[in-house]
Amino acid sequence: MRFLVTNDDGIYSPGIAALARAASHFGDVIIVAPNVEQSSMGHAITSRRPITYTRTPIEDFEAYRVDGTPADCVALGTHLWGGVEYVLSGINIGLNIGNGMWHSGTLAAAKQATLLGVCGIAFSAPAAEDIDYEHLDPFVSKVLERLIGSKNMKLVNVNLPERPQGVRWTRQSVRLYDGVIVPGQDPVGREHFWFTVEPIQETEEGTDRWAVENGWVSLTPLRLDLTDEAELERLNRENPVD
Ligand code: MN
């Protein structure tokens, strides 16, 4: 089995090595990841200049750093290395739950895999500096064991709490609006702004946020079709196009 491992934190992030080690128990691993951090870049692709790669072994893994986005890495990596069956993205330093999924580069890499007909799985953990990847390793392996070979599995968003007690299937938490602008000043007094992520509502049981807050590894199956089916049905019924 062939795994392409990528991320959005950059190829030298400790999280990508941890994910590659977990994947190596299940098959061949190649790392293809951005040369610098690309967090919150979402599903951007580099279309106005060429992209290149440089061989950069990470631990015992074949690894290539790319001067592009996470989605670029997946497109280039699957093109250059045939037969990739799974693209694993992460382990991101920072959760990708709820509305954060819209701008996540980690998830975008997994989405790009799905667009190319390859299974994509995104992994994220809390943004703690002292995250214990060895402790998370059995849970990452457990998730891979469960997802690999499972029928119809195309795209799954996985979020791990620091101290998992088990695994739960979840749905995306969409009740929270988490974009907040916080003003500040630079050292010479010029005004600037931070676009931050902040939960402002209680979470609902069964969602990704609820799972992680309660110590469960959250597994959210996703689809790429964003169509609001119920609204489409209502429009066709109440307001048919001539
Ligand atoms: Mn990141």
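Ligands are counted one by one from 1 in listed order, and the atoms in each one are counted from 1 as well.
Between His135 and Phe139, the ring planes are tilted. Angles from 30° to 60° get that label.
Scanning all heavy atoms of the two residues, the minimum distance from Trp210 to Glu204 falls at CB-O, 3.2 Å.
With values rounded to the nearest 0.5 angstrom, Ile97 atom CD1 is found 6.5 Å from Glu213 atom CD.
Sorted pairs that involve residues 133-142 and meet salt bridge (Lys or Arg N to Asp or Glu O under 4.0 Å), not counting sequence neighbours, are lacking altogether.
No side-chain donor-acceptor contact under 3.5 Å links Asp208 and Thr220.
Side chain of Asp9 to main chain of Ile93: a donor-acceptor pair is present (N/O by atom type, distance under 3.5 Å, no hydrogens or angles).
Of all protein atoms, those that are N, O or S and lie under 2.8 Å from the Mn ion (ligand 1) total 4.
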